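Note that the structure is predicted; figures quoted are calculated from it, not measured.
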Amino acid sequence: MDDLPGRLLAHALENAVRHRSTPRAGAIIGAVMGRYPKFRSRASEARALIDGVIAEVDALSHEEREARLAALAPELLQVHAEQARDRYSLPPLPGADNGVVMRFAPNPSGPLHLGHARAAVLNDAYVRQYGGRYILRIEDTDPKRVDPEAYETVPNDIAWLGCAITETVYQSDRLEIYYEHARRLIERGGAYLCTCENERFRELRQARRPCPCRGTEAEESLARFEAMLEGAYGEGEASLRVRTDLGHPDPALRDFPAFRVLTSTLHPRVDAIVYPLMNFSVAVDDHLLGCTHVIRGKDHIANTRRQQFIYDWFGWTPPHFCHYGRMGIEGVVLSTSEMRAGIAEGRYEGWDDIRLGTLRALARRGIRPEAVRRSMLAIGCGETDIQFSWENLFAENRRLVDPEAERLWFVPGPVPVEVHGAHPQVARPLRHPGDPARGTRELAFERVVLVPGDEIGDDTSMIRLKDLFNVRVARDGERIRFAYAGDDLAAAREAHAPIVQWLPLGDTLPCTLRRPEGDMVGACEPLVAERVDRVVQFERVGFARIDRAGPDGVIAYLTHR
């Protein structure tokens, strides 16, 4: 198969099979030109051919595409299968042969979002791979970052993701454990109670000089710490500091704080005024809970170095650390404070508003948790910074929903048009083109149809009403007129006539398709109302989750194209 049209068709089929969607012209031409340099001089010819190739592939079901690809270029189908197997594999972990203990440790400041999903899924995958325990640790020792509702929403989000949590730990239940380890650290000479003003301490730290409190004997620091617990110091008046290396090149690692006093914000679960800071409680918990491996973003590298000081003071062996690169996510709101403010102001409907990046917003759109898992496994835990690809997530979800989603019709911006010269008849479109055994549905044509007005351009001379017949288009001012033009599909293709969804006038429901960029108002066939909480495909529009149906019509959420 050395001809250019054949190569374009083969790679268009491979692309469509891989993504379960309509291939894109640029991607196909780029793949052919990159793999077969001899065709590069024929780029203009490829551009002239590609629209016809894509139309040919787009008309096939997924199963038909696979069969054509197997016959035309089996080597591409084999590459596709190998890539699918390798896409979700993770690199091996050191020291994991006897099992692992992993943890996912979010703050309960709000629902989980896409940024949390990466750590949650990667940890879960390694526990499944090696066996062991998976701990959900709610890090709630900062009352300023605690939303009481999150104690319920976070575990629910984790359950939606399908993570196999074996135990849940709340750090607010472990304050006495942290206090006891603080005492031990003071006794070992690894910590001291500091009452210096913050600005003065920063000046001394920057100059690599000790503050006056650093020389305090362990017995005196211990007594001051007990007084701190009993309320002798106000907020900001004292902190327990870990003794490190004042000559360390990173000032942030010089005698960093381990405990502080907080009285301005009440904790919803405990009555306390002294709280451990993250690096202390995390180091203690990772050790006591037996965590063997810690997977987290590389923005925590400095925290890993701080925690190493605590491990050294106690003589503990640290877990294996893996720091993955930053993952940029565009197109949705991820800031918990911004989301909360937007909800309070009425700009967002709630935590599941589809303009947000929460997991519950994805669920409302009809994104499957398995699609999120696959996307995160494909990203992996490499150190390179990456940009999250919505298209990859949509492709993963499409693979899951496409075989199941019933094909139904939605007409945006519907315009009623009378068809002249056509006899009443019944269209019987397939419920799923890839599975004819699922049967058909009936749409009765009598005289007037609803069509999407925006798809009938001023220069449109012919269209095909899907699964019905061809019509010639004429305009009388603003009014559109249709005339029956035969049943031959080949004639419509030869005339490059667009295939248009339609609905019978009077046998429809109002339907609003909600999208992140704005609502699309139209009409849908009545069967849609029976598919609440399921994902369907509005043909030539996209996949959509049917959210609710009632006397006022149907509300659906666009999942993706």
Side-chain angles (χ1 to χ4, degrees), residues 22 58-59 366 405-420 422 424-433 440-475 478-485 489 492 497-515 517-532 534-561:
T22 301
D58 199 29
E406 192 171 3
R407 272 49 173 175
L408 299 171
W409 288 355
F410 166 78
V411 176
V415 174
V417 182
E418 182 178 356
V419 181
H420 297 274
Q425 56 188 282
V426 176
R428 293 181 173 83
L430 289 169
R431 292 177 181 266
H432 196 295
T440 61
R441 59 199 197 277
E442 294 187 353
L443 294 170
F445 164 76
E446 293 186 356
R447 187 171 57 88
V448 180
V449 294
L450 292 177
V451 294
D454 288 347
E455 293 190 33
I456 315 300
D458 292 339
D459 57 349
T460 303
S461 59
M462 176 185 282
I463 64 171
R464 180 173 181 84
L465 298 176
K466 185 168 170 54
D467 291 307
L468 196 58
F469 46 63
N470 307 329
V471 297
R472 296 206 174 275
V473 181
R475 286 186 176 271
E478 294 296 320
R479 185 180 178 187
I480 302 172
R481 300 173 60 85
F482 286 168
Y484 174 72
L489 177 59
I499 299 175
V500 174
Q501 312 293 339
W502 61 277
L503 288 171
L505 183 67
D507 192 20
T508 66
L509 293 174
C511 182
T512 299
L513 181 61
R514 311 207 68 177
R515 308 174 301 166
E517 65 271 29
D519 292 351
M520 181 181 285
V521 178
C524 65
E525 55 186 285
L527 192 59
V528 173
E530 302 175 22
R531 301 297 184 261
V532 172
R534 291 168 61 177
V535 172
V536 304
Q537 187 189 75
F538 286 150
E539 291 193 60
R540 301 188 178 274
V541 176
F543 292 93
R545 178 184 161 274
I546 310 307
D547 191 71
R548 57 189 183 272
D552 295 332
V554 174
I555 301 295
Y557 286 86
L558 180 69
T559 307
H560 46 67
R561 293 284 297 173

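- Annotation: the span from His560 atom NE2 to Arg515 atom CZ amounts to 15.5 Å, rounded to 0.5 Å.
- At a threshold of 4.5 Å between non-hydrogen side-chain atoms, the residues Pro433 and Arg407 count as touching.
- Applying the salt bridge (Lys or Arg N to Asp or Glu O under 4.0 Å) test to Arg464 and every residue at least two apart in sequence or in another chain returns nothing.
- The CG atom of Leu468 lies 12.5 Å from the CD1 atom of Ile499; values are rounded to the nearest 0.5 Å.
- Residue Asp547 holds its CG atom at 9.0 Å from CZ of Arg514, rounded to the nearest 0.5 Å.
- Side-chain atoms of Asp552 and Pro510, non-hydrogen and from C-beta on, never get closer than 4.5 Å to each other.
- Of the inter-residue distances, the one linking His420 atom NE2 with Tyr484 atom OH reads 15.5 Å to the nearest 0.5 angstrom.
- The shortest distance between side-chain heavy atoms of Pro416 and Leu450 falls below 4.5 Å.
- Looking at residues two or more places apart in sequence or on another chain, you find a salt bridge (Lys or Arg N to Asp or Glu O under 4.0 Å) between Arg428 and Glu442.
- The OG1 atom of Thr460 sits 8.5 Å away from the CD1 atom of Ile480 when rounded to the nearest 0.5 Å.
- With respect to the salt-bridge test (charged N to carboxylate O, under 4.0 angstrom), the residues Arg441 and Glu525 qualify.
- Residue pairs meeting the side-chain hydrogen bond (donor to acceptor under 3.5 Å, both in side chains) criterion with at least one partner in residues 500-512, sequence neighbours excluded, are Trp409-Gln501.
- Of all heavy-atom pairs spanning Pro498 and Met462, the tightest one is CD-O, 3.4 Å.
- Around the CZ atom of Arg475, the shell of radius 6.0 Å holds more than 12 heavy atoms that belong to other residues, nucleotides or ligands.
- Ring planes of Phe469 and Phe445: perpendicular class, angle over 60° (limits at 30 and 60°).
- Open room surrounds CD on Glu446; 12 or fewer heavy atoms of other groups in view lie less than 6.0 Å from it.
- In terms of heavy atoms, Ala544 sits closest to Leu513 at CB-CD1, 3.8 Å.
- Residues Ile546 and Ala556 approach most closely at CD1-CB, 3.8 Å, considering heavy atoms.
- The structure places CD of Glu539 at 10.5 Å from CD of Glu406, a figure rounded to the nearest 0.5 Å.
- Results of the ring-ring contact (aromatic ring centres under 6.0 Å, His included) test with Phe538 over Phe543, Phe410, Tyr557 single out Phe410 as the only residue that passes.
- Heavy-atom minimum distance, Asp467 versus Pro429: OD2-CB, 3.2 Å.
- More than 12 heavy atoms of other residues, nucleotides or ligands sit less than 6.0 Å from atom CZ of Arg431.
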*Please walk me through it: do Leu527 and Leu408 pass side-chain contact (heavy atoms from CB on, under 4.5 Å)?*
CA-CA 8 Å; Leu527 192 59; Leu408 299 171; 3.7 Å; yes

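- The two residues Ala549 and Val554 have their closest heavy-atom pair at CB-CG2, 4.1 Å.
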